[in-house]
Number of protein chains: 4
Amino acid sequence: MHLASTMGAMGEVRRRGRPRSATADRAILEATRELLVENGYAGLSMEGVAARTGVGKPTVYRRWPSKGALVAEAVNHGFLAATPGRGVDPPDTGDIEADIRQWLRGYAALAADPRHTPLVLALTAAAAENPQDAEVLYQQLTGPRHEALVERLRRGVDAGQVRADADLDAVADAVTGALLYQLLTGNAAASERRAAALVDILLGGLRAGPGEA
Amino acid sequence: MHLASTMGAMGEVRRRGRPRSATADRAILEATRELLVENGYAGLSMEGVAARTGVGKPTVYRRWPSKGALVAEAVNHGFLAATPGRGVDPPDTGDIEADIRQWLRGYAALAADPRHTPLVLALTAAAAENPQDAEVLYQQLTGPRHEALVERLRRGVDAGQVRADADLDAVADAVTGALLYQLLTGNAAASERRAAALVDILLGGLRAGPGEA
Amino acid sequence: MHLASTMGAMGEVRRRGRPRSATADRAILEATRELLVENGYAGLSMEGVAARTGVGKPTVYRRWPSKGALVAEAVNHGFLAATPGRGVDPPDTGDIEADIRQWLRGYAALAADPRHTPLVLALTAAAAENPQDAEVLYQQLTGPRHEALVERLRRGVDAGQVRADADLDAVADAVTGALLYQLLTGNAAASERRAAALVDILLGGLRAGPGEA
Amino acid sequence: MHLASTMGAMGEVRRRGRPRSATADRAILEATRELLVENGYAGLSMEGVAARTGVGKPTVYRRWPSKGALVAEAVNHGFLAATPGRGVDPPDTGDIEADIRQWLRGYAALAADPRHTPLVLALTAAAAENPQDAEVLYQQLTGPRHEALVERLRRGVDAGQVRADADLDAVADAVTGALLYQLLTGNAAASERRAAALVDILLGGLRAGPGEA
DNA sequence: CCCTAAACGAGACGGTACGTCTTGTCTTGCT
DNA sequence: AGCAAGACAAGACGTACCGTCTCGTTTAGGG
């Protein structure tokens with residue numbers, strides 16, 4: 001999440017000089033999303049973003065130092081807007097299988113939406129191209145979701161629905177990774193169906209006792 | 001696989017003046033790999049490849065029409081060289097769990113090698129940036145491995161080690177995706193360990209009957 | 001000469017609000033001179049002047065609307081300071097040749113001083129780049145000197161030392177122009193010597209009757 | 001004079017690779033002249049030149065490393081084209097006064113032409129802004145003319161029309177400088193008339209014996 | 001003795017140009 | 001014919017300034 005654009009309403013220091021325009025912030029992020037959908041990550045340029053927004057290039061660079069950082073925030077905003085009321089993290093009804101399946105199907109459906117697929121691919125490209133963009137992306141987007149999923153699974157352990165010795169991080173990696181891999185291989189269509197199947201198998205393995213035993 | 005790189009060594013007609021061919025091919029691919037390791041995908045340029053190889057740009061473009069295609073072949077060559085004797089696909093000893101665990105650990109170790117991680121990330125970037133590079137990459141690299149894994153699992157079904165109604169494609173997605181996701185999040189270190197844990201859980205789920213449903 | 005900076009001592013209306021800081025005025029002009037000496041006219045920026053002075057850009061623009069106007073006043077101040085007691089215009093001892101030679105040598109020496117050459121070149125650049133800066137510069141700096149020189153020559157005519165039909169403006173142009181040309185061609189070193197030689201020749205021509213005609 | 005554009009016809013080394021386009025050379029120089037006339041030196045940009053020519057910026061920078069160098073050659077070409085048949089240096093009919101007057105009037109007329117004044121001012125600005133552009137300009141344009149004038153005067157000395165002890169360089173500086181000064185002060189109109197008057201006076205001084213004597 | 005208007009520093013704004021880099025194509029001369 | 005070399009048109013890169021604007025903070029009159 002970008003700092004300068006979100007603070008300021010509160011009564012902190014208020015740096016001197018003309019404050020940054022919140023309008024410009026929003027317009028830039030929206031233009032970024034549009035251009036990503038139209039041209040993909042490779043076809044996105046800071047120049048183009050500035051031009052479409054009707055803003056000078058320095059105004060863009062002042063806020064986001066790189067394509068990766070810009071894309072991170074643009075996509076994040078887009079996703080937050082796309083999941084308005086309902087939360088972004090798995091529910092907890094007590095039924096772990098239903099909870100995780102619902103959550104994963106929701107994500108699969110979201111990612112498979114043709115308006116969102118290019119955004120996810122853009123994030124992936126940014127992360128794959130530049131390790132420090134990857135870091136930012138993980139902090140802002142992927143990490144929290146990973147943690148929330150692990151946390152939900154941990155509550156499943158507490159409830160005795162999941163065996164205690166399971167590597168929950170590995171499960172979360174598999175769930176997220178499978179989704180990502182399907183988008184990368186152009187298999188977004190299969191995504192939702194396979195997500196359900198995967199939850200079946202994973203939870204089967206998580207319910208049972210350890211491996212060979 | 002590109003054509004020009006395979007002909008030339010043999011003694012065919014020898015059209016006027018092209019003795020360099022095979023040498024240039026190999027040198028270009030090697031330079032590409034070096035530059036990927038040094039600068040990442042974003043820092044790779046056709047210009048730079050030509051310069052490092054000591055070759056004119058048209059010589060590069062004549063063989064590979066895009067950065068993506070060049071990277072695909074360069075990385076593929078690099079991997080084939082890295083797994084010299086032993087095959088690249090899962091073994092079949094009859095013990096499905098051991099086979100898949102061994103195969104996945106091997107891949108995890110290969111990908112976690114600091115000389116290979118940048119190459120995998122480059123492939124990911126190429127696929128994420130450009131759908132048609134993604135297509136090429138899937139055809140050449142990922143697809144065959146996916147198929148081989150599914151095939152091995154299918155033999156597990158035949159042997160009664162895996163339940164028949166499982167979505168084997170979903171499993172293969174999860175396995176490959178988890179690996180990829182770990183590399184993207186800079187978690188290559190955890191890769192090998194989590195790979196083993198994941199195999200445990202997945203095969204547990206595959207052995208058991210279907211979920212609650 | 002800039003207006004706002006010189007008035008104020010007198011008892012006019014005294015606009016309300018905080019008066020402009022005379023200190024800032026002087027500091028800006030000095031910073032301008034320093035930067036001109038260091039980086040030349042091309043390397044001078046309003047931004048740089050404000051930064052070096054420790055002043056906001058509007059404070060500069062409020063006083064001088066353009067680089068040219070700022071440079072004009074900065075250099076003028078510098079010159080006035082450099083010729084403290086003695087006048088800036090030719091003396092009148094009755095001996096026209098001595099008067100003009102002394103005056104021209106003084107100017108040549110002043111302009112050849114490495115601390116002043118960049119200032120003169122800056123004025124030239126400003127005038128050459130922008131006709132209306134040229135106009136301002138002529139009004140403030142060059143014009144008065146030209147007129148004073150012509151006036152001194154005219155008194156030579158009255159005294160019978162200079163022939164009456166001579167084009168005194170042409171002579172003044174030649175004297176000033178020669179100096180300027182020497183600075184432009186990096187020949188400041190030769191300036192003082194050639195100035196004397198030129199006075200010899202010009203006054204020889206001015207004493208004698210008209211040419212062949 | 002630019003090297004690469006003029007040599008090449010002769011049988012030297014002929015660097016490898018695609019040769020530079022002579023057409024582009026000419027078009028760039030012409031666009032430069034047009035833009036100078038339209039917007040002056042301050043309003044000239046490499047960007048603008050490239051755009052008007054329909055050429056990429058690197059194509060401009062490959063040939064001329066700076067605005068100054070570009071302007072030098074552009075103006076030089078323009079002047080050579082403007083004085084087609086007749087020479088650019090003073091004639092020698094034996095009558096030194098007539099020769100110099102004619103030559104100077106020619107130059108005054110040329111420079112006073114509204115199509116040429118901006119070009120001369122541009123040269124002046126370039127020289128005044130940047131000492132090394134000044135050097136280039138002097139080598140290419142001003143120096144040779146200065147030398148030619150001094151040479152003509154020297155022949156006047158040989159012919160006994162000019163006194164031997166005169167500083168001919170000072171005279172040449174005065175002649176060129178007066179012209180330049182008139183352009184800078186927006187006095188191009190007076191130029192031709194004053195040029196004639198100046199020649200009268202200077203040659204009067206040159207004919208007579210030394211100063212007071 | 002506050003009130004208020006102007007100037008202050010800071011710095012963001014929409015822009016333009018900078019000089020460099022890369023892209024993919026092309027045109028050379030050499031081999 | 002294929003090669004290296006390198007010029008070409010195009011256009012993005014990230015930076016520096018432009019001249020204007022909007023802030024919150026002085027600073028002095030004048031009411």
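Here is how names work: the chains are called A, B, and so on, in the same order as the sequence lines, proteins then strands, and each is numbered from 1.
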Test side-chain contact (heavy atoms from CB on, under 4.5 Å), reference B:Leu119, set B:Val37, B:Thr32, B:Thr124, output is B:Val37
Taking atom C1' of F:dC17 as reference, at what distance in whole Å does atom OH of C:Tyr41 sit?
14 Å
Do C:Arg62 and C:Thr59 come within less than 4.5 Å of each other through their side chains, counting heavy atoms only?
yes
In whole angstrom, give the distance that lies between atom CZ of C:Arg52 and atom P of E:dG9.
17 Å
Under 4.5 Å between any side-chain heavy atoms of D:Leu123 and D:Val71, yes or no?
yes
Hey, could you give me each pair passing salt bridge (charged side-chain N to carboxylate O under 4.0 Å, His left out) that has a residue in residues 33-52 of chain D? Not counting sequence neighbours.
D:Glu34-D:Arg52, D:Glu38-D:Arg52, D:Glu47-D:Lys57
Please set out all donor-acceptor pairs under 3.5 angstrom arising from side-chain atoms of residues 128-137 of chain C, sequence neighbours excluded.
unit_1, atom_1, unit_2, atom_2, d
C:Asn130, OD1, C:Gln132, N, 2.9
C:Glu135, OE2, C:Gln139, NE2, 2.6

Atom pair distance, as rounded to whole Å: CG in D:Asn130 and P in E:dG19:
11 Å
Less than 4.0 Å between a side-chain N and a carboxylate O, is that true for D:Arg20 and D:Asp25?
no
Taking CG from B:Asn39 and P from E:dC21, how many angstroms apart are they, rounded to a whole number?
14 Å
Tell me every residue that passes side-chain contact (heavy atoms from CB on, under 4.5 Å) with C:Leu121, counting only those two or more places apart in sequence or in another chain.
C:Thr117, C:Leu183, C:Leu184
One character per nucleotide, please: for nucleotides 13-18 of chain E, 5' to 3', B when the base has a protein heavy atom closer than 4.0 Å, S when only the sugar-phosphate does, - otherwise.
BSB-BB
Determine whether A:Leu29 and A:Leu70 satisfy the following criterion, side chain to side chain contact (heavy atoms under 4.5 Å, CB included), listing intermediate values before the conclusion.
CA-CA 7 Å; A:Leu29 294 176; A:Leu70 171 58; 4.0 Å; yes
I need the CD1-C1' distance between D:Ile28 and F:dA9, as an integer number of Å.
12 Å
Through what angle, rounded to 10 degrees, does the axis of the helix from E:dC1-F:dG31 to E:dT31-F:dA1 turn between its ends, using five pairs per end?
10°
